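Contents: one structure, followed by commentary.
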Amino acid sequence: MRIIQILRDAGHTAYFAGGCVRDQLLGIQPLDYDIATDAQPKTVQKLFPRCQMVGAAFGVALVRLGGHAIEVATFRREEGYSDRRRPDRVVFTNAREDAQRRDFTVNGLFADPLTIDPETNHDRVIDYVGGIDDLNNQCLRAIGEPDERFGEDYLRMLRAVRFTARLDFHLEPRTAASVRSLAKYLGQISRERIGSEVLAMLAHPRRAHAVTLLEELRLDGPVLNEDHLEPAQTTAPLNNLPHNPQPPVTLAAWWLTRQRIPMQLDAIAPLCERHADDVADRWRKALCLSNTLETTLRATLKLVPRAAQWGNLRIAQRKRLLAEKAWPHTWTLLNAIDDTAATQPIADDLPTLTAQGVAPEPLVRGEDILEAGMRPGPEVGKLLEIAYDEQLEGRIHDHATAQAWIQAHVSTAQDPA
Ligand SMILES: Nc1ccn([C@@H]2O[C@H](COP(=O)(O)OP(=O)(O)OP(=O)(O)O)[C@@H](O)[C@H]2O)c(=O)n1
């Protein structure tokens, strides 16, 4: 508001613009605030000498004030989108035209925080695009001609899905039809932008709605570089995830719903076994995932078949499974598939297995075995593994039992018989 006041005192028009107005009207705390003004970029620079021009050509300045970084953009019209992302030319103009270049009506609103609207007793809202009606009707609608809005930036098709799902809106039929007809062009935009939109929609609690929309609008194929699938009957794993799930889990849950199999551990495990490598590799490319995310996704899926074998695992094997870095992700995923018959035995064992830690410091170390007289070589490693299993099983539990075990096993191992 101070930034707006400074611009206003200098004789300019300045409003909050876009997403922050939408969120405020919906009673959602905005994540960030953008300001739009008729002040030319040079004037903004003069009024805020320490601002940073982040998109000088587009007239955008980053103003830091009171610990916040706020984007102040000059009202603009955009012309030509030869790269389908950025305009070829920007013409500084007025608020009305600035609203019309935006993607969706609910994103095309301005608010004047320095004037209270007597009717609503809130900040005056300036609406050139019918955004307030659409907000009230929970409708996401492209501004003007949907084909043109999406043609300017195909990423807007994914934004349509993200906002519709996140706000629990419906997608206006002409806007939806346009997405469906243009979905095949999504591949023209960068995989990085696609990936970050998809991860953002999967991070939100309404992720199942987003995934269903992606499939209904035939965006799933171009997003994942896979064949299109009709929406799944059950999106259970996506719905059942806890608050703030990690990206490897949301991705794995989406992949599971795309397998179109019963959400039972026995059915899922062989698919995870067979496809973990392949899906991690393909989705890394399609969504431009980081190496860490790819590795964790793969590891999360690979632990599923091991968990499915729980009943046949010895205590040491169970502890080793629980000590795997990706186990917390796998466990979250398993709980989300909601196959209690399969997961309850694991849940029942967890308190006992984790009581003394699943990855204790080894009580038998390499030097202990060498000191006991064994020759260096691969056999030492094998023996250490066995000793660690014995420790996990509780048969080696202190210095004395470790020493006794070494004496018994080193002499046996060296015995030519
Ligand atoms: N491809 C895009 C990206 C953004 N915008 C406009 O720029 C504003 C700010 O964009 P952004 O910060 O990406 O989105 P928000 O609407 O603020 O939503 P979020 O909550 O995701 O930040 C949007 O409201 C919209 O008016 C647009 O028209 N087309």
Side-chain angles (χ1 to χ4, degrees), residues 14-37 54-55 58-63 68-81 83-88 90 93-111 125-132 134-135 139-169 175 178-179 182 185-186 188-190 192-207 210 219:
Y15 300 134
F16 285 135
C20 64
V21 183
R22 173 200 68 219
D23 286 349
Q24 250 174 349
L25 287 170
L26 290 169
I28 303 169
Q29 175 72 38
L31 293 175
D32 52 20
Y33 288 84
D34 295 328
I35 290 172
T37 176
V54 285
F58 308 116
V60 183
L62 200 63
V63 178
H68 299 276
I70 309 280
E71 276 192 11
V72 179
T74 305
F75 294 137
R76 64 189 194 261
R77 186 174 76 230
E78 299 175 343
E79 291 174 357
Y81 275 88
D83 72 352
R84 303 267 170 213
R85 177 181 181 186
R86 277 172 300 251
D88 299 333
V90 159
T93 172
N94 52 36
R96 180 182 293 276
E97 284 193 333
D98 188 273
Q100 259 128 20
R101 72 168 173 89
R102 293 172 184 266
D103 49 8
F104 306 108
T105 59
V106 296
N107 287 350
L109 297 166
F110 299 110
V125 176
I126 299 104
D127 181 5
Y128 296 112
V129 291
I132 294 181
D134 283 338
L135 264 189
C139 172
L140 196 89
R141 180 196 311 267
I143 293 175
E145 274 308 312
D147 287 1
E148 281 175 27
R149 290 294 83 71
F150 293 125
E152 284 158 3
D153 180 3
Y154 290 131
L155 190 80
R156 285 174 167 168
M157 297 192 280
L158 295 185
R159 287 171 60 85
V161 170
R162 179 160 61 88
F163 291 127
T164 305
R166 178 171 108 190
L167 303 174
D168 198 10
F169 277 21
T175 307
S178 173
V179 174
L182 297 173
Y185 299 117
L186 189 76
Q188 292 188 14
I189 61 172
S190 83
E192 197 180 349
R193 296 181 79 211
I194 294 176
S196 70
E197 271 298 326
V198 166
L199 290 178
M201 53 182 94
L202 290 177
H204 194 272
R206 296 194 51 82
R207 64 186 71 83
L219 284 164

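Residues: numbered from 1 along the sequence shown. The structure presented is a predicted model; accordingly, all values stated were derived computationally and were not measured. Values below: every heavy atom of this structure, side chains too, minus hydrogens, waters and symmetry copies. Remember, it's 1-based here, ligands and their atoms both numbered in the order they're listed.
- Within a 6.0 Å radius of NE2 in H68, no more than 12 heavy atoms belonging to other residues, nucleotides or ligands are found.
- Residue L155 places every heavy atom at 4.0 Å or more from ligand 1.
- Here's the thing with C20: none of its N/O atoms is less than 3.5 angstrom from an N/O atom of ligand 1.
- Remark: minimum distance from atom 25 (C) of ligand 1 to any protein heavy atom is reached at D103 OD1, 3.5 Å.
- Of all atoms in ligand 1, listed by their number and element, those nearer than 4.0 Å to a heavy atom of G19 are 15 (P), 16 (O), 17 (O), 24 (O).
- Atoms of ligand 1 found under 4.0 Å from any heavy atom of R156, numbered from 1 in the order shown, are 1 (N), 2 (C), 27 (C), 28 (O), 29 (N).
- Neither the backbone nor the side chain of E152 comes within 4.0 Å of ligand 1, counting heavy atoms alone.
- Looking at R193, R102, M157, R159 and measuring to atom 10 (O) of ligand 1, the nearest heavy atom belongs to R159.
- Nearest heavy atoms, A95 versus F110: O-CE1, 3.3 Å.
- Contact of the D134 side chain with the F169 side chain is not registered, since no non-hydrogen atoms from C-beta on lie closer than 4.5 Å.
- Proximity of E78 to ligand 1 is not established, as no heavy-atom distance is less than 4.0 Å.
- Checked by distance only, ligand 1 and D23 stay at 3.5 Å or farther apart across all their nitrogen or oxygen atoms.
- For ligand 1 and R166, the ligand atoms under 4.0 Å from any heavy atom of the residue are 20 (O), 21 (O).
- For the pair V106 and G131, the tightest heavy-atom approach, listed with the atom from each and the gap, is CG1-O, 3.8 Å.
- A salt bridge does not link D127 with R96: none of the charged nitrogens is closer than 4.0 Å to a carboxylate oxygen.
- Interface atoms of ligand 1 facing G18, defined by a heavy-atom separation under 4.0 Å, are 24 (O).
- F104 does not count as a contact of ligand 1, since none of its heavy atoms falls under 4.0 Å from the ligand.
- Residues G144 and R149 approach most closely at CA-NH1, 4.3 Å, considering heavy atoms.
- Heavy atoms from other residues, nucleotides or ligands lying under 6.0 Å from CD of E192 number 12 at most.
- A 4.5 Å side-chain heavy-atom check between R77 and V90 finds every atom pair outside the cut-off.
- Counting only heavy atoms from C-beta outward, the side chains of R76 and R101 approach each other to under 4.5 Å.
- The F163 neighbourhood of ligand 1 comprises atoms 16 (O), 18 (O), with distances under 4.0 Å to a heavy atom of that residue.
- For ligand 1, the atoms closer than 4.0 angstrom to any heavy atom of D34 are 9 (C).
- Ligand 1 has no nitrogen or oxygen under 3.5 angstrom from a nitrogen or oxygen of D32.
- Two residues are said to be in side-chain contact when any heavy atoms from C-beta on lie closer than 4.5 Å; M157 and L182 meet this criterion.
- Counting the atoms of ligand 1 from 1 in the order shown, those under 4.0 Å from a heavy atom of D153 are 1 (N).
- Under a 4.0 angstrom heavy-atom cut-off, R162 registers as being in contact with ligand 1.
- For Q24 against P30, the heavy-atom pair with the smallest separation is CG-CG, 4.0 Å.
- The N/O atoms of R22, backbone and side chain alike, include one that comes under 3.5 Å of an N/O atom in ligand 1.
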